[in-house]
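Encoded as structure tokens, the structure appears first; notes follow it.
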Amino acid sequence: MARKAYPRRARVTGTLLLLVALGAAGCTGDPAAEDSPDAKPAGGEATTAQAEPGKYQTLPQPCRAVETGTLDAMLPGLAQLDQEQRQKAYEGTSSVTYDSDRRTGCRWKVDSAEAGHLLRIDFERVVSYSASVSDDARAQAVYGDRMKEAELPLPSDPREEQPERRADDSAKADRDEARATAPAGDEAGRGASPEAPEKPGKGKEEKESGESEEPADEAGDPSAPAEGLEPRLLQELADDAFIDDQLTTSSSGSGQRTVTVVFRTSNVIVTVEYEAQPKQVAEVPDSASMQEKARELAGLLAERLSDV
């Protein structure tokens, strides 16, 4: 007699119903939760904002960045060369770098009967390897390091004056106001101001001889640039800029002067180094002329960068 298969069919049907129920439960979700802005990605990781890349991705050809007219003005010895030698000197010598997209440079050196001159330019494209630091911010930090290396004296903040000096100025102002508002008779009877009493037996002689009590050192420091030519910030050039002026004197009295201009535009830092050394004894290169030429070249290079 054949067996009935109904109980087995019932078990299979019950299993299928259970699977269908579980699948329906798994597909059922809260649409509002899926559309919520707080919902995390499938990977469970939040996205991080990337810092902006720098403006410049390439650098100009350094040995072609300076016009021949500028080279003639900065390297007077070119005029004493024949045509073939001059053309060779115009080409300059490229700096050895491992990545021309990150750093390039060129130098020109020409000697004459009067002096030797060296001109060097350097382009550095700064790249930040941190996702949270932009190329510009990294370039600002590198520029700040260059300023520290140059030991550039920063302008003093008038709010940081010494308290003693402010007190002296205030007291002097009070005395001046008292004299200005005093009656004429009181001023005449008061005589000479007590601020500068004459020392017995000395003041009259100094006045007659025309010598001051503390004569100034007229010679000063021969290696220091004149007033207005000292190392300083250049407000009108690029995003940040400064100029440095150093004079090295020899035992014979002649001097080698090096003028350096460093400026930053976005994520590129440019350096112009201009050096002169006279061959005559006791001769010192002119600071004003060298600074003017170096600043003019720096301005031209900043304009050239804008075309890259």
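Values below: every heavy atom of this structure, side chains too, minus hydrogens, waters and symmetry copies. Since the structure is predicted, the reported quantities are computational estimates derived from the model, not experimental observations.
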| task | Answer yes or no: does atom CD of E236 have more than 12 heavy-atom neighbours from other residues, nucleotides or ligands under 6.0 Å? | result |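 It does: E236 CD has more than 12 such atoms within range.
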| field | Exceeds 12 heavy-atom contacts within 6.0 angstrom, atom CD of E52 | value |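 No, CD of E52 has 12 or fewer neighbouring heavy atoms, counting only those of other groups under 6.0 Å.
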Can you tell me how far [atom2] of [Y] sits from [atom1] of [X], rounded to the nearest 0.5 angstrom?
X    : Y    : atom1 : atom2 : value
T260 : Q291 : OG1   : CD    : 10.0 Å
K88  : Q83  : NZ    : CD    : 15.0 Å
L229 : D286 : CG    : CG    : 8.5 Å
Q85  : L78  : CD    : CG    : 10.5 Å
E114 : H117 : CD    : NE2   : 9.5 Å
Q277 : D111 : CD    : CG    : 9.0 Å

Can a donor-acceptor pair be found, under 3.5 Å and without considering hydrogens, that links the side chain of [X] to the backbone of [Y]?
X    : Y    : answer
N267 : Y56  : yes
R264 : D239 : no
K279 : S112 : yes
S134 : A137 : yes
Y274 : K293 : no
S128 : R138 : no
R257 : A276 : no

| task | Test side chain to side chain contact (heavy atoms under 4.5 Å, CB included) on L119 and T70 and set out the steps. | result | CA-CA 11 Å; L119 173 63; T70 302; 5.8 Å; no
Flag side-chain contact, heavy atom, 4.5 Å: [X] against [Y]:
X    : Y    : result
W108 : V66  : yes
Q87  : L81  : no
R102 : T97  : no
E67  : L300 : no
E230 : D245 : no
Q246 : D244 : yes
T104 : Q61  : no
L305 : P60  : yes

What heavy-atom pair brings [X] and [Y] nearest, and what distance separates the two atoms?
X    : Y    : result
A298 : V261 : CB-CG1, 3.7 Å
P62  : G105 : CG-O, 3.4 Å
A89  : V110 : CB-CG2, 4.4 Å
C106 : S95  : N-OG, 3.6 Å
V272 : A294 : CG1-O, 4.3 Å
L118 : L75  : N-CD2, 4.4 Å

| Would D101 and R125 count as a salt bridge (Lys or Arg N to Asp or Glu O under 4.0 Å) if you check the C-alpha gap in whole Å, the side-chain angles of each, and the deciding distance to 0.1 Å? | CA-CA 7 Å; D101 285 336; R125 185 173 66 89; 5.5 Å; no
| query | How far apart are the C-alpha atoms of S266 and D136, what are their side-chain angles, what is the distance that settles it, and do they pass the side chain to side chain donor-acceptor pair (under 3.5 Å) test? | reply | CA-CA 5 Å; S266 186; D136 282 22; 2.9 Å; yes
| said: Show, in sequence, the C-alpha distance, side-chain angles and deciding distance for V262 and D240, and conclude whether the side chain to side chain contact (heavy atoms under 4.5 Å, CB included) test is met. | reply: CA-CA 8 Å; V262 179; D240 300 294; over 6 Å; no
| request: Using the rule that two of Ile, Leu, Val, Met, Phe, Trp, Tyr join whenever any of their side-chain heavy atoms come within less than 4.5 Å, decide whether M147 and V142 are in one cluster. | output: yes
| query | Of the options R146, R120, E124, which is the one that meets T271 in a side-chain hydrogen bond (donor to acceptor under 3.5 Å, both in side chains)? | reply |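 Of R146, R120, E124, side-chain hydrogen bond (donor to acceptor under 3.5 Å, both in side chains) with T271 is met by R146 alone.
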| message | Can you tell whether the side chains of R107 and E275 come within less than 4.0 Å, N to carboxylate O? | response | no
